[in-house]
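Here is the structure we will look at.
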Amino acid sequence: MSEFEKSTVDPAAREMLGKAKKIGYLTTFERAKAQEPRCAFGNTGICCRICMQGPCRIIPKKPGANKGICGAADYTIVARNTVRLIAGGAAAHSDHGRHIATTVLHVAEGHAKDYKINDTAKLMKVAQRIGIATEGKPVNEVAKEVASAALLDFGRLDSSPCTWLETTLTEGRRKKFKDTTIMTSSINGSIAELLHQTHMGVDSDPVNIIFNGLKVALGDLDGEYLATDLSDVLFGTPTPTVSEANLGVLDPEMVNICVHGHNPLLSQMVVDVARQMQDEAKAVGAKGIKLSGICCTGNEVLMRAGVAIATNFATQELAIMTGLVDAVVVDVQCIMPSLRSLAECFHTKIITTMPISKIPGAYHYEFDEEHAAESAKAIIRLAIDTYKLRDAKKIERPDLKNKVIAGFSLEAILDIFSKINPDRPISVLTDAIKAGEIKGVALFAGCNNLKGTHNENHLEIAKQMAANDVFMIATGCAGQAYAMNGLLTPEAVEAYAGPGLKAFIGRLNAKADLTTGLPLIFHMGSCVDNSRTVALLTMMANEMGVDTPQVPFVASAPEPMSEKAVAIGSWFVAMGIPVHIGVIAPVTGSDLVHGVVTQIAKDVFGGHFIMETDHQKAGEKLLAALNERNWKLRIHNEAAAKYSQTEQVV
Ligand code: NFS
Ligand code: SF4
């Protein structure tokens with residue numbers, strides 16, 4: 001029994017934690033333990049640092065201390081802290097989207113020559129969806145108009161809704177969001193407004209604060225949606241691909257470059273350029289260049305180019321611990337600052353590339369969009385040079401990697417469904433739910449959080465869902481957890497799927513016409529690609545003739561960590577979806593706010609948060625939520641049949 005079994009369920013990670021201990025390096029796992037016990041005020045959300053009179057901490061029974069110095073009550077403080085997390089997440093996701101949209105515009109205008117419009121069909125589809133005429137127009141003109149429409153969503157001055165929200169959601173959701181005044185017209189504007197609203201001495205009404213928080217969360221969705229669409233336009237819409245994952249992908253005989261962060265503008269260029277530079281690697285005695293990914297930029301290049309996954313968020317340091325990584329090229333988000341100090345124990349170079357994301361002591365090769373290929377080449381050359389410094393004595397690589405079938409954009413999934421029903425592909429899924437073959441859809445999303453055991457919740461909840469015939473999709477570090485541990489394989493279908501799910505995937509397999517069988521869980525991409533998952537949900541709702549809150553669809557972030565995860569969870573709740581989170585969010589310091597997010601939200605939007613750290617119970621709660629929805633749909637249909645109404649749902 002490993003001494004690290006409480007830290008991680010991943011055997012490769014356990015081995016590397018042993019190595020860290022040997023060399024005396026304190027990883028994020030030790031640092032997490034060293035933070036215990038946590039401050040009870042911060043943990044429950046009742047510490048306010050919004051003005052410099054603070055921090056104010058709420059001590060309910062102490063006269064005078066049951067409110068902040070300004071008189072802010074627990075509910076105001078918790079609500080403000082929560083929505084500011086959403087604002088941080090929305091800023092990160094949408095800034096990424098804005099960066100991509102700007103690049104598409106530059107490409108269309110004839111700049112940024114190393115990029116091109118790769119997927120014209122997707123461009124035309126997006127243009128038509130958002131109401132831009134395409135007929136007879138040159139591709140660049142359409143691209144320019146689409147990119148401009150995307151950029152307008154960031155700073156629209158009138159109150160008309162954001163284009164991507166207005167043109168992608170169900171009619172029911174659009175009405176709901178307008179009625180509750182949370183339909184966003186400007187991503188940046190709504191973030192600024194929320195920061196104002198939660199400034200000291202502005203809004204103290206927790207419900208009003210939370211509603212505007214949801215408005216910003218919808219801005220997050222808008223930014224994610226356009227980021228996905230325009231990434232597909234630039235780099236291609238993912239199709240099923242075979243790859244591998246876990247630390248065993250690092251190749252002792254190759255120059256190993258890990259791309260880490262989120263934005264495909266850089267990582268995709270590194271992938272493209274590395275193909276042409278294999279000879280330079282051979283010239284220094286390596287067999288070539290091996291790329292692998294960490295976090296969501298890894299997901300981006302896995303989906304589109306089949307690049308292997310090295311590891312996910314919590315274990316990013318452990319890639320360097322192998323002594324085999326020559327360079328880690330990072331862009332933005334989820335990059336531990338500790339990578340740099342750890343790299344000092346090895347020959348590894350950490351290369352930052354974005355003006356807003358530097359690490360003291362790291363190499364900074366600023367990524368120049370106008371000369372993107374040159375930038376990528378310089379970075380790869382540095383990695384090749386660094387390979388020569390590798391110290392054989394420090395190399396220890398866990399011998400573990402798993403096969404991965406990924407690349408399931410919504411288009412790819414519908415393509416498979418269309419082999420069974422070419423006219424209404426999505427009905428293949430909704431009919432299987434109606435027939436009771438599968439119970440519904442569960443999305444697994446989000447990060448790692450070392451308040452629990454690394455990857456344990458991800459794996460255990462998914463296995464429980466599989467056994468209970470739930471069709472599963474995944475994004476982000478959840479998708480990587482499954483990749484690392486062999487759940488994105490046909491073998492996992494055999495090992496874990498219940499009879500209904502097995503039959504369903506079997507029917508798809510029979511028609512899919514792929515060189516490999518389909519996996520247990522369909523990996524739909526990075527965290528911004530949760531837009532793909534909401535597109536699936538919307539399509540299911542439309543096919544079933546109901547709104548999204550009635551669809552047997554649940555979401556789970558088994559190990560959420562980042563502000564981005566808070567933003568995603570919040571808009572999924574607004575979308576009417578039960579959202580499980582595997583940590584206790586810092587809202588328990590206010591009964592009122594806790595009640596709003598876990599119960600009242602359901603009355604208003606149909607979705608709510610389920611906070612449950614125990615994976616067994618979490619799985620049971622998710623299954624109960626699916627069962628409830630199926631039961632309601634059945635009752636509705638029986639009533640419709642009995643009273644001979646013409647419209648049946650499902
Ligand atoms: Ni999502 Fe992806 Fe991972 Fe969490 Fe970070 S990489 S954007 S935030 S940790 S899933
Ligand atoms: Fe304290 Fe009020 Fe300032 Fe918050 S805003 S730190 S509760 S005085």
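With 3.5 Å as the limit, one finds a donor-acceptor pair spanning the side chains of Glu366 and His364. In the model, Asn448 has a side-chain atom that pairs as donor or acceptor with a side-chain atom of Glu559 under 3.5 Å. Inspection of the Arg532 and Thr475 side chains reveals no N or O donor paired with an N or O acceptor under 3.5 Å. Using a 3.5 Å distance cut-off with no hydrogens or angles, the side chains of Asn455 and Asn312 do pair a donor with an acceptor. Side-chain atoms of Asn299 and Asp529 include no donor-acceptor pair closer than 3.5 Å. Remark: the Thr198 side chain and the Arg84 side chain contain an N/O donor-acceptor pair separated by less than 3.5 Å. No side-chain N or O of Asn530 forms a donor-acceptor pair with one of Trp571 less than 3.5 Å apart. Inspection of the Thr237 and Asp119 side chains reveals an N or O donor paired with an N or O acceptor under 3.5 Å.
With hydrogens and angles ignored, the 3.5 Å screen pairs a side-chain donor or acceptor of Ser243 with a backbone N or O of Gly306. Of the possible polar contacts, one joining the Asn485 side chain to the Ala481 backbone as a donor-acceptor pair under 3.5 Å is found. Under a 3.5 Å cut-off, the side chain of Asn263 and the backbone N or O of Leu265 do form a donor-acceptor pair. Although no hydrogens or angles enter the test, the distance criterion places a donor-acceptor pair under 3.5 Å between the side chain of Thr353 and the main chain of Val330. Proximity of a side-chain donor or acceptor of Ser185 to a complementary backbone N or O of Cys162 within less than 3.5 Å is not detected. Without hydrogens or angle criteria, Thr184 side chain to Ser186 main chain gives no donor-acceptor distance under 3.5 Å. Of the possible donor and acceptor atoms, one in the side chain of Ser357 sits under 3.5 Å from a partner among the backbone N and O of Asp331. A donor-acceptor pair under 3.5 Å is formed between the side chain of Tyr482 and the backbone N or O of His458.
A salt bridge links Arg31 with Glu317: the closest approach of a Lys/Arg side-chain nitrogen to an acidic carboxylate oxygen falls below 4.0 angstrom. A salt bridge links Lys401 to Glu244: at least one charged side-chain nitrogen sits closer than 4.0 Å to a carboxylate oxygen. Residues Arg38 and Glu36 are paired through a salt bridge, judged by an N-O separation under 4.0 Å between the basic side chain and the carboxylate.
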Donor-acceptor contacts, no H, no angles, side chain residues 86-94, under 3.5 Å, sequence neighbours left out:
from: His93; atom 1: ND1; to: Asp220; atom 2: OD1; distance (Å): 3.3
from: His93; atom 1: ND1; to: Asp220; atom 2: OD2; distance (Å): 2.7
from: His93; atom 1: ND1; to: Glu224; atom 2: OE2; distance (Å): 3.2
from: Ser94; atom 1: OG; to: Ala90; atom 2: O; distance (Å): 2.6

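Under the salt bridge (Lys or Arg N to Asp or Glu O under 4.0 Å) criterion, no residue pair touches residues 352-361, with sequence neighbours excluded. Listed by first and then second residue, the side chain to side chain donor-acceptor pair (under 3.5 Å) pairs that reach into residues 250-261 are Glu253-Lys287, His260-Gln316, sequence neighbours excluded. Pairs of residues two or more places apart, or lying in two chains, that qualify as salt bridge (Lys or Arg N to Asp or Glu O under 4.0 Å) and include a residue from residues 303-315 are Asp232-Arg304, Glu300-Arg304. Sorted by first and then second residue, the salt bridge (Lys or Arg N to Asp or Glu O under 4.0 Å) pairs involving residues 105-115 (not counting sequence neighbours) form an empty list.
Taking a 6.0 Å sphere around OH of Tyr363, one finds it holds 12 or fewer heavy atoms contributed by other residues, nucleotides or ligands. Annotation for His111: atom NE2 counts as buried by contact number, over 12 foreign heavy atoms lying within 6.0 Å. Around CG of Asp399, the count of heavy atoms belonging to other residues, nucleotides or ligands within 6.0 Å does not exceed 12. More than 12 non-hydrogen atoms from other residues, nucleotides or ligands lie less than 6.0 angstrom from NZ of Lys122. Surrounding NZ of Lys21 are at most 12 heavy atoms belonging to other residues, nucleotides or ligands under 6.0 Å away.
Here the NZ-CD1 distance, from Lys564 to Ile568, works out to 8.0 Å after rounding to the nearest 0.5 Å. Of the inter-residue distances, the one linking His99 atom NE2 with His262 atom NE2 reads 15.0 Å to the nearest 0.5 angstrom. The CD1 atom of Ile50 sits 5.5 Å away from atom CG of Asn81, with the distance rounded to the nearest 0.5 Å. Taken from OH in Tyr115 to CG in Leu234, the straight-line distance is 8.0 Å, to the nearest 0.5 Å. Remark: Leu195 CG to Arg80 CZ distance equals 12.5 Å, nearest 0.5 Å.
Residues satisfying the salt bridge (charged side-chain N to carboxylate O under 4.0 Å, His left out) test with Asp326, not counting sequence neighbours, are Arg390. Evaluation of the salt bridge (charged side-chain N to carboxylate O under 4.0 Å, His left out) rule for Arg14 yields no partner, not counting sequence neighbours. Evaluation of the salt bridge (charged side-chain N to carboxylate O under 4.0 Å, His left out) rule for Glu193 yields Lys215 as partners, not counting sequence neighbours. Glu30 is linked by a side chain to side chain donor-acceptor pair (under 3.5 Å) to Thr27, counting only residues two or more places apart in sequence or in another chain. In terms of the side-chain contact (heavy atoms from CB on, under 4.5 Å) criterion, residue partners of Pro240 (sequence neighbours excluded) are, by chain and number, Phe408, Ala412, Leu514. The salt bridge (charged side-chain N to carboxylate O under 4.0 Å, His left out) check on Asp385 picks up Lys388, with sequence neighbours excluded. Cys447 meets the side-chain contact (heavy atoms from CB on, under 4.5 Å) test with Met561, Ser562, Ala565; sequence neighbours excluded.
The two residues Ser7 and Lys33 have their closest heavy-atom pair at OG-NZ, 4.1 Å.
Under the side chain to side chain donor-acceptor pair (under 3.5 Å) test applied with Asn246, the options Thr311, Thr315, Asp10 reduce to a single match, Asp10.
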Handout entry: Intermediate values then yes/no, salt bridge (charged side-chain N to carboxylate O under 4.0 Å, His left out), Glu15 and Lys19
Key = CA-CA 7 Å; Glu15 188 181 333; Lys19 181 171 180 194; over 6 Å; no
